[in-house]
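Notes for the one structure printed next.
A, B, ... follow the sequence lines: proteins, then strands. Residue 1 opens every chain.
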2 protein chains.
Amino acid sequence: MAVTLHDVARAAGVSIKTVSNVINDYPHIRESTRARVLEAIAELGYQPNLSARGLRSGRTGAISLIIPDLKNAYFAELADAVMRAAGEHDLVVMIQQSGGMRERELEVLHGPRMRMVDGVLFSVLALGQDDAHLLDIPTPLVMLGERIFNGPADHVTMKNVEASRAATEHLIGLGCRRILAFGAHENEVIGSAGLRLTGYKQAIEAAGRPLDESLIVNVGNWHRSDGAEAMRAALARGLQFDGLVAFNDSIALGAMRVLQEAGIRIPEDVAVIGFDDIDETRYSLPSLSTIDPGREEIARTAVSVLMERIADPASERPPREYEADFRVVVRESTMGRAS
Amino acid sequence: MAVTLHDVARAAGVSIKTVSNVINDYPHIRESTRARVLEAIAELGYQPNLSARGLRSGRTGAISLIIPDLKNAYFAELADAVMRAAGEHDLVVMIQQSGGMRERELEVLHGPRMRMVDGVLFSVLALGQDDAHLLDIPTPLVMLGERIFNGPADHVTMKNVEASRAATEHLIGLGCRRILAFGAHENEVIGSAGLRLTGYKQAIEAAGRPLDESLIVNVGNWHRSDGAEAMRAALARGLQFDGLVAFNDSIALGAMRVLQEAGIRIPEDVAVIGFDDIDETRYSLPSLSTIDPGREEIARTAVSVLMERIADPASERPPREYEADFRVVVRESTMGRAS
DNA sequence: CTGAAAGCGCTAACAA
DNA sequence: TTGTTAGCGCTTTCAG
């Protein structure tokens with residue numbers, strides 16, 4: 001059997017409460033006592049039973065991170081950032097994949113596992129604005145992503161509209177005349193695709209240009225292969241363009257590949273900018289200009305907001321919206337063009 | 001406060017034991033009783049307190065996965081496979097990153113968090129054969145990776161030597177005369193680099209060719225930028241070759257980029273094959289031939305072996321070594337060459 | 001087939 | 001400054 005507080009107490013010749021005090025850094029302990037207890041702990045190799053502590057204190061020291069899919073580089077990097085931020089608060093992270101499926105998102109969110117963690121970070125993908133009421137769960141919750149705003153929980157996101165506008169303006173500044181909005185979702189207003197399209201339109205309009213609907217290209221999923229496929233179709237129907245704002249990096253990379261296969265040079269013939277700043281963009285050929293969405297800041301903010309809610313679950317403070325700062329990252333795919 | 005078994009028992013007019021029986025699918029319950037209890041559970045929205053259950057039963061239903069770094073695509077895909085395999089056993093996964101640092105690996109492995117999970121999957125990177133004794137922990141453990149063999153715990157890995165040999169033979173079969181072993185680690189025998197180099201040497205030898213030491217290129221870390229850098233240096237010193245076996249996909253992709261910048265065509269001038277079959281290899285330009293290390297099988301095997309150990313922690317069965325099957329995946333980077 | 005009661009290891013009132 | 005004690009919610013003998 002494992003060593004318990006009792007064993008340590010007996011070995012150190014003190015009561016179990018004293019051992020508990022030492023472990024929990026209770027301030028008023030005689031130095032000699034503390035030393036004796038610590039020695040006993042080391043000697044016996046005592047480690048606290050976290051289930052017991054969780055039962056008693058109501059805290060487990062774990063949080064859950066719900067994301068669509070770790071194979072997606074964006075979410076893997078988000079998870080990494082979250083785990084490092086959580087580590088600084090001595091929290092451990094349970095990751096649960098939703099596959100971006102509505103049923104699964106709800107299942108995970110309302111499942112019994114939520115009772116195993118102190119709080120949840122939920123990167124929403126399938127649920128939408130109309131489902132906001134379903135997010136009202138007993139566990140402290142912070143939402144991530146662009147699907148639900150002003151819901152019943154705190155929300156950390158990026159400046160989608162502004163960032164997309166800045167990306168588009170970057171291409172306009174390069175002298176691009178016909179800029180593709182690549183990755184739209186039909187009829188979506190809220191959501192990454194909808195918001196980024198809005199930013200694109202704002203930039204075009206601010207430049208005093210007419211909006212050419214034929215330059216808006218839908219890409220259903222945002223995997224590399226979807227980007228490649230959509231670009232292949234666009235070229236097949238003879239679409240003409242000299243700039244490309246992709247709504248994420250993966251489809252940008254997929255599109256770049258197809259462009260290059262077609263003998264189109266980047267950035268000379270077409271300048272390309274993506275979205276997310278995943279690691280890979282630094283190493284593609286050419287390296288990909290993109291938007292750094294402030295992932296680190298998002299993760300840090302989300303964890304600390306969650307910590308506050310955990311610390312004071314009864315707080316009456318209404319849910320808040322947080323927006324991380326973005327940055328236009330200029331790389332080869334938009335560099336060296338005449339401006 | 002949350003709903004407890006007592007509340008459900010009271011609502012259903014039965015004892016707490018009966019509710020517990022229903023929840024745990026105890027077979028001998030009158031149907032009418034079961035129905036009444038289930039109704040009460042649904043009505044009150046009862047969810048079991050997992051800490052209490054964990055304290056009482058000694059099981060938490062969670063396992064820990066220790067990996068170096070989620071930003072590394074290989075480990076992200078491994079984590080995904082593990083989480084899906086674990087899900088099939090109703091296990092949830094806590095991911096902990098070691099950064100591939102020795103101190104951190106030990107810290108995590110011996111930390112108190114291990115008492116929060118039923119078992120651990122540990123993808124070893126920094127610890128080596130001499131540290132095998134440090135893996136003797138009270139929590140059921142399954143090791144992954146190529147660093148420690150025949151240690152005190154079950155071990156699931158891939159056929160490194162055979163796979164590397166097969167990759168090399170694939171290039172030999174294509175007619176390559178000077179094949180680079182790309183990604184070696186000086187003096188390493190055990191470990192991914194060491195084993196894969198062994199496979200390379202076996203293939204060269206079996207083909208009746210002399211081993212040319214100058215074709216063995218060290219690459220310290222295995223990130224894309226390291227591959228690019230090593231290739232740049234190789235070209236600078238005038239190294240001549242027409243084939244490239246990279247010991248992982250990332251350095252293969254980095255090297256490909258540098259080769260292409262130098263005007264070297266793939267596969268016409270240099271045929272390239274990588275290792276790991278990360279998602280990205282399907283979409284690079286050209287797509288990258290590689291070794292599928294049997295990640296799915298590794299994950300499934302690891303989880304089920306761990307489950308067995310958890311089910312019978314006192315088992316005297318000695319630790320076992322498992323090897324997943326590999327597969328040579330031929331893509332554009334080695335296709336269409338005269339054979 | 002169901003109920004009563006003990007106790008998993010810990011924290012936190014309350015005492016001393 | 002330290003000890004005593006009562007549960008946290010659940011599973012599990014042991015009776016009935």
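Looking at every heavy atom in both residues, L135(A) comes nearest to L141(A) through O-CD2, 3.3 Å. When all heavy atoms of M83(A) and I95(A) are compared, the pair lying nearest together is SD-CD1, 4.1 Å.
Residue R30(B) places none of its side-chain N or O atoms closer than 4.0 Å to OP1 or OP2 of dC1(C). In this model, the phosphate group of dT2(D) is approached by a side-chain N or O of T33(A) to a distance below 4.0 Å at OP1 or OP2. Taking side-chain N and O atoms only, S51(A) has no distance below 4.0 Å to OP1 or OP2 of dC10(C). The phosphate of dC8(C) has neither OP1 nor OP2 within less than 4.0 Å of any side-chain N or O from N49(A). The side chain of N21(B) places no N or O atom within less than 4.0 Å of a non-bridging phosphate oxygen (OP1 or OP2) of dT2(C). The side chain of S15(A) places an N or O atom within less than 4.0 Å of a non-bridging phosphate oxygen (OP1 or OP2) of dG3(D). Close to dC10(D), at under 4.0 Å from its OP1 or OP2, lies no side-chain N or O of S20(B).
Nearest-nucleotide positions on DNA chain C for S57(B) and G13(B) put G13(B) closer to the 5' end.
If you measure from atom CZ of R59(B) to atom C1' of dG9(C), you get 18 Å, rounded to the nearest angstrom. As a whole-Å value, the separation of K17(B) NZ from dC10(D) C1' is 12 Å. Between I16(B) atom CD1 and dG9(D) atom P there is a gap of 10 Å when expressed in whole angstrom units. Taking atom CZ of residue R53(B) and atom P of nucleotide dG9(C), one finds them 18 Å apart after rounding to whole Å. Remark: P of dT11(C) and CD1 of I23(A) are 6 Å apart, rounded to the nearest angstrom. Atom-to-atom, CG of L5(A) to P of dG7(D) comes out at 19 Å; the value is rounded to the nearest Å. In this structure, CG of D7(B) is placed 11 Å from P of dC8(D), rounded to the nearest angstrom. Distance, R115(A) CZ to dC10(D) C1': 12 Å, rounded to whole Å.
Using a 4.0 Å heavy-atom criterion, one finds that L55(B) contacts the bases of the nucleic acid, with or without backbone contacts as well.
The side chain of T18(B) has dG3(C) as its nearest neighbour among dT2(D), dG3(C), dC10(C). In the set dC10(C), dT4(D), dA4(C), the nucleotide with an atom closest to the side chain of Y46(A) is dC10(C). Nearest to the side-chain atoms of P48(A) among the listed nucleotides dC10(C), dT11(D), dG9(D) stands dC10(C). When each of dC10(D), dC10(C), dG3(D) is scored by its nearest atom to the side-chain atoms of V14(A), the top-ranked nucleotide is dG3(D).
Look at R300(B) and E297(B) and you find no salt bridge, because none of the NZ, NE, NH1 or NH2 atoms lies under 4.0 Å from a carboxylate O. Under 4.0 Å is where a charged nitrogen must lie from a carboxylate oxygen, and between K71(B) and D279(A) no such pair does.
You won't find any donor-acceptor pair under 3.5 Å spanning the side chain of R56(A) and the base of dG9(C), going by distance alone.
The CG atom of L78(A) sits 10.0 Å away from atom CD of E296(A), with the distance rounded to the nearest 0.5 Å.
For the side chain to side chain contact (heavy atoms under 4.5 Å, CB included) criterion with L121(A), the lone passing option out of V156(A), V93(A), L306(A), I67(A) is L306(A).
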